[in-house]
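Below: the structure, in structure tokens.
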Amino acid sequence: MKNRNLHTGTKSSVRPYIVMDANGVEYLLPNYSESFRALMDDKEIIMDMLNSVLQLDGRNKIKDVKYQFEKPIDVFMPENDPVRLDAWVETRDRRFINIEVQNWPHAFILDRMQLYNAYLTLRSKYDYNRSSHFKSLTKKERRRRMYELPETISIWLCNFPILKPKGLFKDVWAVYSENDIRTGKALPTLPKNKYIIVDLPKFARLRKKVCSREDFWLGLLSKGPTGMPCFEDPVYARAVSRLRVSNVDPKILKSLEAKMSEDEHVMEVIKADAYLKGEAEGKKAGKKEGMEKGAERERRRIAKILRSKGVSPELLNAALAVK
């Protein structure tokens, strides 16, 4: 990979989702769902990124896709709370992929991953059974394939520490048999379903050079365009150009600005962490006062983290007021 020079950039204190290079050109940081959409709303770019992160080549390589951002999931939801998947991709060979961009270390992040993966599986099966491929089968064949599932992949791009091993920035999670693990012959028991977990802060620390296409995409997502070399590659150049503020749809910029003052996920993080800490404190103290003190302490700890990520004082004050 040939590169010309390194960008140098500074982060805006007023708009933390924007960085500026040495020439005063402003770019979006792509680790918010809105700015991720600005980057990925291009068929060639999203395919290159997925092939790189999933390490697909040859016959397995993604050659064509249909995709949608903020994909609504119209199945029963807990407390009628609607869910929208950040990016939904269906490949030509009928693989279904959900890409989630996460900035906040939710106390129930693993539960959330499993729940969203269940939504992905349900919706994928629904779409698969209504595809032209499935409808072209004979009635007998369709009946035989009643429980057949398409391949599903959940990709979680986490802008916070999530993988414990020091030298690991990406991991693949799947379901394995305990017996197979004990005998040393472990292969995924459910090969059609897996999770790809990416620890973006750890990637930024571990990988200083770009030696592959995966390095480029994860570097761009973790460091932003001003932290990346300028490559003589048309796909890369177009990706960086799509993040240039002057090229971004004003609706996306407006949505990002609104998110800084009112983000439901910030509320979720504070309430979930406060609940767990408060519950632990309450059990330890054996009375209500212990739970309330623990919850208050945890709310303020999480608020400190969120403040460092640019969450507005107004939103933090509102979140801290939640009991």
Side-chain angles (χ1 to χ4, degrees), residues 30-43 46-47 49-50 53-54 62 64-135 145-160 162 172-175 190-198 221 251-252 255-256 258-259 262-269 271-272:
N31 50 22
Y32 293 89
S33 58
E34 294 85 355
S35 52
F36 183 78
R37 175 175 186 166
L39 170 63
M40 289 290 156
D41 196 2
D42 178 295
K43 183 180 286 192
I46 201 167
M47 286 195 299
M49 180 267 190
L50 288 173
V53 173
L54 298 175
I62 296 171
D64 193 21
V65 296
K66 293 187 294 185
Y67 62 90
Q68 180 180 343
F69 298 97
E70 295 294 312
K71 170 81 169 179
I73 301 299
D74 47 0
V75 296
F76 172 76
M77 314 298 294
E79 300 180 357
N80 295 318
D81 184 22
V83 154
R84 293 179 181 272
L85 305 183
D86 287 346
W88 167 280
V89 180
E90 178 183 352
T91 70
R92 185 168 66 187
D93 55 353
R94 295 174 296 282
R95 284 177 280 187
F96 292 84
I97 303 167
N98 173 37
I99 310 171
E100 290 295 316
V101 182
Q102 298 291 308
N103 280 302
W104 317 122
H106 200 291
F108 296 99
I109 186 67
L110 299 184
D111 290 35
R112 185 173 188 169
M113 287 179 177
Q114 187 174 349
L115 186 62
Y116 277 40
N117 185 266
Y119 296 149
L120 170 66
T121 302
L122 285 170
R123 183 67 204 201
S124 298
K125 174 60 174 171
Y126 179 90
D127 286 2
Y128 174 70
N129 279 25
R130 283 154 183 77
S131 67
S132 57
H133 163 76
F134 192 82
K135 289 181 177 180
R145 294 170 178 266
M146 180 184 300
Y147 295 107
E148 180 185 27
L149 290 175
E151 182 181 351
T152 52
I153 304 170
S154 294
I155 300 177
W156 290 74
L157 304 169
C158 299
N159 193 31
F160 52 83
I162 188 169
V172 180
W173 296 353
V175 176
L190 306 177
K192 288 186 177 181
N193 179 251
K194 62 183 175 182
Y195 303 73
I196 308 293
I197 313 300
V198 180
L221 290 166
K251 291 181 180 178
I252 290 179
S255 180
L256 269 169
K259 173 167 278 191
E262 184 176 356
D263 189 343
E264 63 181 23
H265 296 310
V266 175
M267 294 289 193
E268 286 179 2
V269 169
K271 287 190 286 186

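- Atom CG of Asn98 sits about 4.0 Å away from atom CG of Leu85, to the nearest 0.5 Å.
- Applying the ring-ring contact (aromatic ring centres under 6.0 Å, His included) rule to Tyr126 yields no partners; only residues at least two apart in sequence or on another chain are considered.
- When each of Val101, Val198, Asn103 is checked for a side chain to side chain contact (heavy atoms under 4.5 Å, CB included) with Asn159, only Asn103 meets the rule.
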Would Trp156 and Arg112 count as a side chain to side chain contact (heavy atoms under 4.5 Å, CB included) here? Give the steps. CA-CA 11 Å; Trp156 290 74; Arg112 185 173 188 169; 4.1 Å; yes
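- Every pair passing salt bridge (Lys or Arg N to Asp or Glu O under 4.0 Å) that includes a residue from residues 92-110 is listed here, sequence neighbours excluded: Asp93-Arg95.
- Tyr128 pairs by the ring-ring contact (aromatic ring centres under 6.0 Å, His included) definition with Phe134, not counting sequence neighbours.
- Here Asn117 contributes atom CG and Leu122 contributes atom CG; the two are 10.0 Å apart, rounded to the nearest 0.5 Å.
- Annotation: side chain to side chain contact (heavy atoms under 4.5 Å, CB included) contacts of Thr152 (sequence neighbours excluded): Phe96, Leu120, Thr121, Ser124, Asn193.
- A 4.5 Å side-chain heavy-atom check between Met113 and Cys158 finds at least one atom pair inside the cut-off.
- Listed by chain and number, the residues in a side-chain hydrogen bond (donor to acceptor under 3.5 Å, both in side chains) with Ser33 are Lys259 (sequence neighbours excluded).
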Applying side chain to side chain contact (heavy atoms under 4.5 Å, CB included), run through Glu70 and Asp86 and close with a yes or a no. CA-CA 5 Å; Glu70 295 294 312; Asp86 287 346; 3.9 Å; yes
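- For Lys192, the side chain to side chain contact (heavy atoms under 4.5 Å, CB included) test picks out Glu148, with sequence neighbours left out.
- For Tyr195, there are no ring-ring contact (aromatic ring centres under 6.0 Å, His included) partners at least two apart in sequence or on another chain.
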Step by step, would you call Gln102 with Ile162 a side chain to side chain contact (heavy atoms under 4.5 Å, CB included)? CA-CA 11 Å; Gln102 298 291 308; Ile162 188 169; over 6 Å; no
Criterion side chain to side chain contact (heavy atoms under 4.5 Å, CB included) on Leu221 and Phe36, from CA distance to verdict: CA-CA 8 Å; Leu221 290 166; Phe36 183 78; 3.8 Å; yes
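- For Val65, the side chain to side chain contact (heavy atoms under 4.5 Å, CB included) partners are Lys43, Ile46, Met47, Ile62, Tyr67, Val89, Thr91, not counting sequence neighbours.
- How far CD1 of Ile109 is from OH of Tyr116: 9.0 Å, rounded to the nearest 0.5 Å.
- Taking Asp41 as the reference, nothing meets the salt bridge (Lys or Arg N to Asp or Glu O under 4.0 Å) condition, with sequence neighbours excluded.
- When every heavy atom of Lys194 is checked against every heavy atom of Val172, the shortest pair comes out as CD-CG1, 4.0 Å.
- Distance check: Leu157 CG to Met49 CE gives 5.0 Å after rounding to the nearest 0.5 Å.
- Rounded to the nearest 0.5 Å, atoms CD1 (Ile99) and CZ (Phe69) are 7.5 Å apart.
- Among residues two or more places apart in sequence or in another chain, the side-chain hydrogen bond (donor to acceptor under 3.5 Å, both in side chains) test is passed with Trp173 by Asp171.
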